[in-house]
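Below: one structure, written as structure tokens.
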Amino acid sequence: MLPLLPLRPALASLAVRNMSTQAVRGLPAILEKHPDDVVITFAKRTAMGKAKKGQFKDIPVDEMMQALFKARCDALTAWPFDLPATLEETGLDPNKIDDICVGTCHPPSPAYASRAAALAAGIPHHVPITALNRLCSSGLMAIRCIAQAIQSREISLGLAVGVENMTLNPRPTPMISEAVDKNRQAHDCIQPMGWTSEMVAQTYHVSREKQDIYALLSHTRASQALANGIFSEEILPIEVRGNVISVDDTIRPGVTMEGLSALKPVFPDWGEGSTTAGNASGIGDGAAICILTTRERAQREGMVIVGKWVGSAVVGT
């Protein structure tokens with residue numbers, strides 16, 4: 001037998017390139033299925049409540065989370081009201097939860113509130129919980145946190161939660177020291193998000209009329225979807241203080257172009273001011289929950305796989 005000779009550097013480089021070109025990329029790679037994939041087996045939200053006037057205006061986030069957790073934990077037992085069949089089919093034993101991550105912005109002591117809510121809902125005390133804040137993407141960051149913990153094999157099943165009550169916990173005015181405030185970017189980064197809306201509109205010449213036209217389209221589609229029950233499949237009914245909350249009250253039916261055009265700008269001190277309560281994203285109260293695990297465990301325990309976690313990237317925040 002002839003001895004194997006080491007490849008020359010040029011040949012070795014060519015071999016590596018050939019191997020890389022043969023690797024599956026793009027959409028086919030994303031759609032591949034492997035036992036160690038991080039998958040989503042359940043993803044639902046509560047109905048949304050209008051800030052200051054809606055169905056959650058008096059319900060603090062710990063009580064919202066208790067109802068949300070309880071809806072998951074009680075899925076295998078009888079409820080005082082009818083639950084969707086899909087919920088009963090995907091019931092989860094709380095003893096199997098390895099970790100919980102809650103994304104939220106403004107409630108005080110969110111880690112304590114989340115821990116208390118989980119315990120009150122019947123989740124065992126040995127199940128850990130944490131809270132994080134990345135402003136508007138906090139819920140997504142909770143999903144990312146659990147997914148990466150599964151990828152690193154620290155856990156094999158976890159819950160990601162997003163919750164906010166903008167009625168009881170509105171955005172506080174950020175406070176920074178005078179020394180820090182002297183930096184222009186530091187000063188700008190704590191300003192209201194509406195300023196960003198106005199700046200983008202002026203920079204890219206998005207007129208008030210264009211914003212109102214797009215807003216009317218959005219309001220119309222939302223009203224039609226609500227009337228047709230399209231949102232019901234993504235909503236998890238929860239019981240709070242004896243009431244079952246299962247329908248959004250944030251959607252405004254009957255919005256017209258005339259009505260949108262008549263609204264006054266929310267930030268009149270910024271240039272022309274084109275952001276209004278009708279063409280800006282609404283402020284609401286609500287929560288959502290997502291269960292993640294490995295594909296192998298989901299298949300072994302008969303969980304329904306509704307999605308695959310691929311990856312994430314964060315820019316700017």
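Side-chain atoms are counted along with the backbone in the values below, which use heavy atoms only and exclude waters and symmetry mates.
Contact annotation: the side chain of L132 approaches that of C101 to within less than 4.5 Å [non-hydrogen atoms, C-beta and beyond]. Counting heavy atoms from C-beta on, the side chains of V39 and M303 never come closer than 4.5 Å. Within the 4.5 Å cutoff, side-chain heavy atoms of N169 are placed close to those of V61. Here the side chains of I305 and Q299 are in contact, with some heavy-atom distance below 4.5 Å. When side chains are defined from C-beta on, L292 does not count as touching L157, because their heavy atoms never get closer than 4.5 Å. Between R134 and R144 the shortest side-chain heavy-atom distance falls below 4.5 Å. Under the 4.5 Å side-chain criterion, counting only non-hydrogen atoms from C-beta, F56 is not in contact with K50. With a 4.5 Å cut-off on side-chain heavy atoms, L159 and F69 count as touching.
For the pair R300 and E296, the salt-bridge criterion is met [side-chain N within less than 4.0 Å of a carboxylate O]. Of the charged side-chain nitrogens involved, at least one lies within less than 4.0 Å of a carboxylate oxygen, so that D248 and R45 count as a salt-bridged pair. Between K70 and E239, none of the side-chain N atoms (NZ, or NE/NH1/NH2) sits under 4.0 Å from a carboxylate O, so this pair counts as no salt bridge. Using a cutoff of 4.0 Å between basic side-chain nitrogens and carboxylate oxygens, E234 and K44 are not scored as salt-bridged.
Side chain of S261 to main chain of E258: no donor-acceptor pair is present (N/O by atom type, distance under 3.5 Å, no hydrogens or angles). Listed for the S232 side chain is a donor-acceptor partner under 3.5 Å among the backbone atoms of G229. No donor-acceptor distance shorter than 3.5 angstrom exists from the side chain of N183 to the backbone of V180, with no hydrogens or angles considered.
In this structure, CG in D285 is found 7.0 Å from CE in M48, a value given to the nearest 0.5 Å. The CD1 atom of I245 sits 7.5 Å away from the OG1 atom of T46 when rounded to the nearest 0.5 Å. Here the CD1-CG distance, from I289 to L92, works out to 8.5 Å after rounding to the nearest 0.5 Å. The line from OG1 of T276 to CG of L263 is 5.0 Å long, rounded to the nearest 0.5 Å. Atoms OG and CD1, on S246 and I235 in that order, are 7.0 Å from each other to the nearest 0.5 Å. Atom OG1 of residue T167 and atom NZ of residue K52 lie 8.0 Å apart, to the nearest 0.5 angstrom.
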Let me have the donor-acceptor pairs involving side chains of residues 184-197, under 3.5 Å, with sequence neighbours excluded, atom names and distances please.
unit_1	atom_1	unit_2	atom_2	d
H187	ND1	D181	OD1	2.9
Q191	NE2	H187	O	2.7
S197	OG	T275	OG1	2.7

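The hydrophobic cluster containing V163 also contains I123, counting ILVMFWY residues as joined when their side-chain heavy atoms lie under 4.5 angstrom apart, directly or transitively.
Taking a 6.0 Å sphere around CD1 of I283, one finds it holds 12 or fewer heavy atoms contributed by other residues, nucleotides or ligands. Applying the 6.0 Å contact sphere to NE2 of H34 captures more than 12 heavy atoms from other residues, nucleotides or ligands. Around atom CZ of R171, more than 12 heavy atoms belonging to other residues, nucleotides or ligands sit under 6.0 Å away. The number of heavy-atom neighbours closer than 6.0 Å to CZ of R153, taken from other residues, nucleotides and ligands shown, is 12 or below.
Using modelled atom types, one finds no donor on one side chain facing an acceptor on the other under 3.5 Å when comparing T104 with N133. Side-chain contact, T294 with D36: no donor N or O sits under 3.5 Å from an acceptor N or O.
Shortest non-hydrogen contact noted between D99 and P128 is OD1-O, 3.2 Å. Across C105 and C136, no two heavy atoms sit closer than the pair SG-N, 4.2 Å.
Among R208, E209, Q211, the one residue that satisfies the side chain to side chain donor-acceptor pair (under 3.5 Å) test with S274 is Q211.
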